[in-house]
S.K.: 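Structure below; questions to follow.
Please read these numbers as outputs of a predicted model, since none were measured by experiment.
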Amino acid sequence: IIISGTRRKGAALRKRRTVGVMAAAMAVSEAWPELELAERERRRELLLTGPGLEERVKAAGGRLPPRLFTLPLLHYLEVSGCGSLRAPGPGLAQGLPQLHSLVLRRNALGPGLSPELGPLPALRVLDLSGNALETLPPGEGLGPAEPPGLPQLQSLNLSGNRLRELPADLARCAPRLQSLNLTGNCLDSFPAELFRPGALPLLSELAAADNCLRELSPDIAHLASLKTLDLSNNQLTEIPAELADCPKLKEINFRGNRLRDKRLEKMVGGCQTKSILEYLRAGGRGGRSKGRQEGSEKEDRKKKRDRKQRRESGEGEEEVADSARLMLKVLHVSENPTPLTVRVSPEVRDVRPYIVGAVVRGMDLQPGNALRRFLNSQTKLHDDLCEKRTAATIATHDLQAVRGPLLYAARPPEDLKIVPLGRKEAKAKELVRQLQLEAEEQRKQKKRQSVSGLHRYLHLLDGKENYPCLVDAEGDVISFPPITNSEKTKIKRTTCSVFLEVTSATSLQLCKDIMDSLVLKMAELNKSTSENKEEDMLSGTETDASHGLSDPNLNPRAGKDGQCPLVVEQVRVVDLEGSLKVVYPSKADLVTLPPYVTVVR
């Protein structure tokens, strides 16, 4: 009898346990329907984002649910915009062996990664930008160094964190790294191991702008594949001459550093990479004889004294690296006979409430690849500052085709019509459905790891009853953020005046910051285009130049010092009653620009 009773109790206990496990499984299923769907459809990619994600992650202890790590077919995983995600959680490396891309942007990861991410033998793309990482020591970092924890990693994005130092074994952990983005951290140096011979033979892009770097090692010359180097806005005082030994280097940016060599500082602000590298190559290591070098130094000191005297007497105020400066002229609404205005409908409050606009005149997109460079810079801003359009969206329009005043409104998907870029007119509902079908078709292709193009942004419209849109005075929708612009206002090579808009669902200040970056980028591109154009024209008139003849009107839009300042016209955003909501650029905008930019208000 005792034995029989014990068996009955054991059976009852096992039954309760089974019921408990089933209840827990059902709870997980209800909380994470995406995981069940991905498992059922054997999906190779998974995106977790949206307003409900933060509470679910918080309930899971600030980590990703263990159920996620039972999807071994995943190639692409993205979890973004979750302020409660502090660590990925154990089991990622063991449960996702085929993962090719891991995107954990705009979360709260940090100060380290515990446990460490690797080994992930198939991982090619790792994006940890916009988190709170401070250090990545062994055991709390990217993965082991021996054997390499990330042997196939090609792209690593650590921008927008709080990193004070890089792991010394980074090159051994990811020996096939091609792109490394460290922008916006607190780094004061690079580890010596990063630049040792053969450490990163494939690294072609290194970005570490907006840090606290004080020194750049001459050993950077060992990066044999380096093509792009951005160390702007740091605390560098010298650029090693050995940098010119990088055989494939095509683009460098050292703006915003206080270099001891003032001539080099001017060149950095306005000259092309080739000229800067030639200067380093010639003057850095015995390119001039010792006597000539000393004579040149004496001459430089004399010029410096003369400049100081002129400044003290008030005569030399205009002599501040004019050739290296970028000029922006702000045109106030009161000075503009035909200012553009954007009226905002109250319906956008629940969809995408923030918008900032500006008009830029004076762009030259006709020479060479100027238009392509302009569009590429917009794409780069979308990927970086706009965080893949999840934080904000940029739209650029040919001002000549814009009919103001404009209305920023929200409409039901079945009522919103637009002629998207490169497509025929469609209702927003039909366009989104078509893009969803295209995205699904892409997923079915065996060689596709993730969707591309407009398809990447469809999830931003999930659950929206109304879609945001910008409508011109003729009733045409010219913008459907964050998806597409209209063919009507498409930027062309002949475009010289551009209407810019930045919209966001999160922050007005973010819109302004991104607009600052966009205007600055346009000024840099325009100056570069102007310089290239002048060089081509000068080379075509080489005979005249050799006889001392020159044409001061090579660029009819240039000022007396050769500048081609862009004019930035203020755009007012008002409510339907005409009350001002925001104006850009205001006195508080375009103020935190690099020292080589002059804003005339």
Side-chain angles (χ1 to χ4, degrees), residues 129 155-168 170-171 177-196 199-200 203-281 283-284 321 324 326 377 380-381 383-385 517 520-521 524 528 592-597:
S129 60
S155 174
L156 175 59
N157 188 348
L158 293 169
S159 63
N161 280 281
R162 305 169 189 168
L163 290 172
R164 299 185 299 273
E165 61 180 2
L166 285 179
L170 175 60
L177 202 58
Q178 298 178 20
S179 174
L180 177 58
N181 189 345
L182 304 168
T183 302
N185 280 282
C186 306
L187 302 172
D188 59 9
S189 64
F190 291 114
E193 293 83 352
L194 203 66
F195 299 147
R196 63 180 174 80
L200 291 173
L203 189 69
S204 62
E205 181 178 352
L206 175 58
D210 302 308
N211 277 276
C212 306
L213 296 172
R214 299 178 181 276
E215 183 181 7
L216 181 60
S217 170
D219 290 339
I220 193 171
H222 294 144
L223 297 179
S225 298
L226 191 65
K227 295 180 180 178
T228 303
L229 177 64
D230 185 358
L231 299 181
S232 58
N233 301 322
N234 277 283
Q235 299 175 19
L236 298 174
T237 57
E238 293 182 354
I239 302 177
E242 288 80 359
L243 183 65
D245 294 337
C246 292
K248 296 184 179 181
L249 194 57
K250 300 295 183 186
E251 184 177 349
I252 59 176
N253 187 356
F254 284 93
R255 292 186 177 98
N257 289 285
R258 295 185 176 275
L259 303 178
R260 291 197 183 103
D261 187 333
K262 296 307 175 184
R263 181 182 177 189
L264 181 57
E265 188 171 22
K266 292 180 182 179
M267 295 181 71
V268 161
C271 294
Q272 295 185 352
T273 296
K274 183 177 179 182
S275 302
I276 298 171
L277 294 181
E278 286 177 353
Y279 176 80
L280 291 172
R281 193 175 291 115
L326 297 177
S377 67
K380 193 172 189 307
L381 285 172
D383 288 344
D384 297 340
L385 291 181
S517 298
L520 174 60
K521 181 52 99 173
E524 292 175 343
S528 175
T592 57
L593 297 177
Y596 58 86
V597 181

S.K.: Between Ile239 and Ile252, is any pair of side-chain heavy atoms under 4.5 Å apart?
M.R.: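 No; the side chains remain at least 4.5 Å from each other.
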S.K.: Is the closest basic N to carboxylate O distance between Glu265 and Lys262 below 4.0 Å?
M.R.: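 Result for this pair is yes, salt bridge flagged.
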S.K.: Are the side chains of Ser517 and Leu381 in touch, meaning some heavy atoms are under 4.5 Å apart?
M.R.: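 Answer yes - side chains close enough.
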S.K.: Would you find more than 12 non-hydrogen atoms of other residues, nucleotides or ligands less than 6.0 Å from Arg196 atom CZ?
M.R.: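 More than 12 within 6.0 Å, yes.
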S.K.: Side chains of Asn161 and Asn185: any donor to acceptor distance under 3.5 Å?
M.R.: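 Not at all, the side chains of Asn185 and Asn161 share no donor-acceptor pair under 3.5 Å.
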S.K.: Can Arg281 and Glu278 be counted as an ion pair, charged N to O under 4.0 angstrom?
M.R.: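 Glu278 and Arg281: not salt-bridged.
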S.K.: Heavy-atom count check: over 12 atoms from other residues, nucleotides or ligands less than 6.0 Å from Gln235 CD?
M.R.: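 Enclosed: over 12 neighbouring heavy atoms sit under 6.0 Å from CD of Gln235.
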S.K.: Just so I know, are the side chains of Asp261 and Glu238 near enough to count as touching, which here means a heavy-atom distance under 4.5 Å?
M.R.: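 Result no, sub-4.5 Å side-chain heavy-atom pair not found.
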S.K.: Answer yes or no: is there a donor N or O on one side and an acceptor on the other, between the side chain of Asn257 and the main chain of Asn234, under 3.5 Å?
M.R.: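 Here the side-chain-to-backbone pair exists.
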S.K.: Can you tell which of Asn253, Asp210, Leu182, Leu216 makes a side-chain contact (heavy atoms from CB on, under 4.5 Å) with Leu231?
M.R.: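 Testing each of Asn253, Asp210, Leu182, Leu216 against Leu231, the sole residue satisfying side-chain contact (heavy atoms from CB on, under 4.5 Å) is Leu216.
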S.K.: Contact between Leu280 and Leu264 at the side-chain level, heavy atoms closer than 4.5 Å - yes or no?
M.R.: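 In contact.
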S.K.: Are any side-chain N or O atoms of Asn211 and backbone N or O atoms of Leu187, one a donor and one an acceptor, separated by less than 3.5 Å?
M.R.: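 Yes, Asn211 side chain to Leu187 backbone: donor-acceptor pair under 3.5 Å.
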